[in-house]
Amino acid sequence: MALILGIDPGSRITGYGIINAVGAQRSYVASGHVKMSGDELADKLGQIYAAVNELIETYVPQEFAIEKVF
């Protein structure tokens, strides 16, 4: 069993999804988003950090994937 956390980064809304992988089988665990407030990039990054840290503490994923920001 491997829990995988995927992140879709954004400066206003950051999405996430968590799946469970067992062999070739994949199953949904959770998903959602984090809406950032404020205008300062540093504040938004802090909010993203806190939210992702909480997800990691809650679900303890073994793998992590993040979409490339362009």
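Counting from 1, the numbers follow the sequence of the chain as shown.
For residues 55-65, every residue pair satisfying the side chain to side chain donor-acceptor pair (under 3.5 Å) rule, not counting sequence neighbours, is listed here: Asn53-Glu57.
Under the 4.5 Å side-chain criterion, counting only non-hydrogen atoms from C-beta, Ile66 is in contact with Pro9. Contact annotation: the side chain of Val52 approaches that of Ile56 to within less than 4.5 Å [non-hydrogen atoms, C-beta and beyond].
When all heavy atoms are compared, the tightest approach of Pro61 to Leu55 is CD-O, 4.4 Å.
Of the inter-residue distances, the one linking Leu45 atom CG with Met36 atom CE reads 8.5 Å to the nearest 0.5 angstrom. Atom CD1 of Ile4 sits about 12.0 Å away from atom CZ of Phe64, to the nearest 0.5 Å. To the nearest 0.5 Å, atom NZ of residue Lys35 and atom OG1 of residue Thr14 are 12.5 Å apart.
Leu5 and Ile19 fall into different hydrophobic clusters, defined by Ile, Leu, Val, Met, Phe, Trp and Tyr side-chain heavy atoms under 4.5 Å apart, directly or through other members.
With sequence neighbours left out, Ser11 forms a side-chain hydrogen bond (donor to acceptor under 3.5 Å, both in side chains) with no residue at all. For the side-chain contact (heavy atoms from CB on, under 4.5 Å) test, no residue two or more places apart in sequence or in another chain qualifies with Ala65. Tyr49 meets the side-chain hydrogen bond (donor to acceptor under 3.5 Å, both in side chains) test with no other residue; sequence neighbours excluded. In this structure, the side-chain contact (heavy atoms from CB on, under 4.5 Å) partners of Asn20, at least two apart in sequence or on a different chain, are Met1, Leu3, Val22, Ser27, Val29.
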